[in-house]
2 protein chains.
Amino acid sequence: MTTTPTGSRARTRQAILDAAIEVMARNPAATLGDVALAADVGRTTLHRYFPERVDLLTALRAEAAARLDLARARARMGDDTGADAIRRLCQEYFDLGDVLLLLFREQVTLEDTPGGCDDEFEAMIRRGHADGSIDPELPAGWVQSLMWSQLYAGWSYLAEHHASRHDTLRLVLRCVAGAVRPQR
Amino acid sequence: MTTTPTGSRARTRQAILDAAIEVMARNPAATLGDVALAADVGRTTLHRYFPERVDLLTALRAEAAARLDLARARARMGDDTGADAIRRLCQEYFDLGDVLLLLFREQVTLEDTPGGCDDEFEAMIRRGHADGSIDPELPAGWVQSLMWSQLYAGWSYLAEHHASRHDTLRLVLRCVAGAVRPQR
DNA sequence: CCGCAATGGAACACGACTGTTCCGAATTGG
DNA sequence: CCAATTCGGAACAGTCGTGTTCCATTGCGG
């Protein structure tokens, strides 16, 4: 009753969310007016869908989490060696683009990610420790920090230099692999 | 005439800057009132030293740049192999603490660092390429992004987990070294 | 064609931060 | 002890983002 599944409401709402992701990723202090402008809707309409700023941010987090989950599912973290799995995960995450920057610039900490992530991630790292593809000296939490920071480095490198998306992804994967590999 | 070199003015000014670094590092949207409170001075006094917000931010950048230069000098980027030098640089930068977070959270991009840095940094990387301690496939700009992101990872790891500063530094150095080392 | 839902624009009140002024109190130093 | 400097608090106006209301317009479906 509350929703018109295929109505124009859903489309407008999504347009606002997409614009918000793009704008907020580039400028965390963006105004609601900025978002409305980018979404090509009136500020009044924006308030109609998200009465308060918090509501928009909440929906934004939910949207980001959903896309994050999708990427995580595609990565099949349970397959192959730990190093192979984390490589796939980085690749999928890298493709998230603006969502990635959003998760950084906003204070959307990793704790906000669905609880399942940490367990699955930790299992992947443990498997890597066991199969010799990840240095046992590196705790799972550290590898997670490492991966996120490398992804951020990739996108900031992309923004500052005029590197291609493809080459940058190669650099990210190359360096994450090198960082987690056992020393000798 | 305008300055009393060793007077209390210098001390107050420094107290404000120190407090600003700490506060702004943790919350980029901090109010001038927040900074004044942390510095244990009245907001009026703060305005007396930094008439407008921009003035404070400018001084903040200058202070950060100065500390950055000090750390860079201590690292002796011209000595030993490229990998050794970048290891020392990471170590010195890591010790900057809040200044590091400030450089991230604010939009103080790497371009703002004194021009000498890039040249010296690039020379260091090139030396590493030549002496075989750094993978020639990695451009200097990328290694710089890599290093900064790893430092950020270290401090965020430190904040989220209850790791010791010493262990975290070890992880950072370990992973930067692994990331830049030639693949085999 | 008519009506209802959706939209956009204008105007408004409200609160937060900023920058300024003024004045009394505290500290410093001669 | 006196005087100059430094400081802090209070009050004020100005600006900006927010949230709300009202109304006219558009567009889609029955």
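Note: hydrogens, waters and symmetry copies are ignored here, and every other heavy atom, side chains too, is used. Reminder, nothing fancy here: chain letters follow the sequence lines and each chain counts from 1.
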Which donor-acceptor pairs under 3.5 Å do the side chains of residues 27-35 of chain B make with protein atoms, sequence neighbours left out?
{"unit_1": "B/Asn27", "atom_1": "OD1", "unit_2": "B/Ala29", "atom_2": "N", "d": "3.1"}
{"unit_1": "B/Asp34", "atom_1": "OD2", "unit_2": "B/Thr31", "atom_2": "N", "d": "3.0"}

With a 4.0 Å cut-off on heavy atoms, is A/Asp40 in touch with a base, just the backbone sugar-phosphate, or nothing at all?
sugar-phosphate
Does OP1 or OP2 of D/dC7 have a side-chain N or O of B/Tyr49 closer than 4.0 Å?
yes
Measure the distance from CE on A/Met24 to C1' on D/dG17 and round it to the nearest whole Å.
13 Å
What contact category does B/Asp55 fall into here, base, sugar-phosphate, or nothing, at under 4.0 angstrom with non-hydrogen atoms?
nothing
List, with names and distances, any nitrogen or oxygen atoms from the protein found under 3.5 Å away from nitrogen or oxygen atoms belonging to nucleotides 18-23 of chain D.
{"unit_1": "D/dT18", "atom_1": "OP1", "unit_2": "A/Arg53", "atom_2": "NE", "d": "2.7"}
{"unit_1": "D/dT18", "atom_1": "OP1", "unit_2": "A/Arg53", "atom_2": "NH2", "d": "3.3"}
{"unit_1": "D/dT18", "atom_1": "OP2", "unit_2": "A/Leu32", "atom_2": "N", "d": "3.0"}
{"unit_1": "D/dG19", "atom_1": "OP2", "unit_2": "A/Arg53", "atom_2": "N", "d": "3.1"}
{"unit_1": "D/dG19", "atom_1": "N7", "unit_2": "A/Arg43", "atom_2": "NH1", "d": "3.1"}
{"unit_1": "D/dG19", "atom_1": "O6", "unit_2": "A/Arg43", "atom_2": "NH2", "d": "3.1"}

Could you tell me the separation between the CG atom of A/Leu46 and the C1' atom of C/dA6, rounded to a whole number of Å?
14 Å
Round to a whole Å and report the spacing from CZ of B/Arg13 to C1' of D/dC7.
18 Å
CG of B/Asp34 versus C1' of C/dA16: gap in Å, rounded?
12 Å
Sequence neighbours excluded, which residues qualify as side-chain contact (heavy atoms from CB on, under 4.5 Å) partners of A/Arg13?
A/Leu17, A/Tyr49, A/Phe50, A/Ala59
Roughly how many Å is it from CG in B/Asn27 to C1' in C/dC17, rounded to a whole number?
14 Å
Given A/Gln91 and A/Asp95, is the side chain to side chain donor-acceptor pair (under 3.5 Å) satisfied, shown in steps?
CA-CA 7 Å; A/Gln91 193 157 353; A/Asp95 288 340; 5.9 Å; no
Could you check how far CZ of A/Arg11 sits from C1' of C/dA5, rounded to whole Å?
13 Å
Following the transitive rule for hydrophobic clusters with a side-chain heavy-atom cut-off under 4.5 Å over Ile, Leu, Val, Met, Phe, Trp and Tyr, establish whether A/Leu173 and A/Trp155 coincide in one cluster.
yes
Salt-bridge present (A/Glu92, A/Arg88; N to O < 4.0 Å)
no
Do the side-chain N or O atoms of A/Thr12 get closer than 4.0 angstrom to the phosphate oxygens (OP1, OP2) of C/dT7?
yes
Hey, are B/Asp80 and B/Arg87 close enough for a salt bridge, meaning a charged N less than 4.0 Å from a carboxylate O?
no
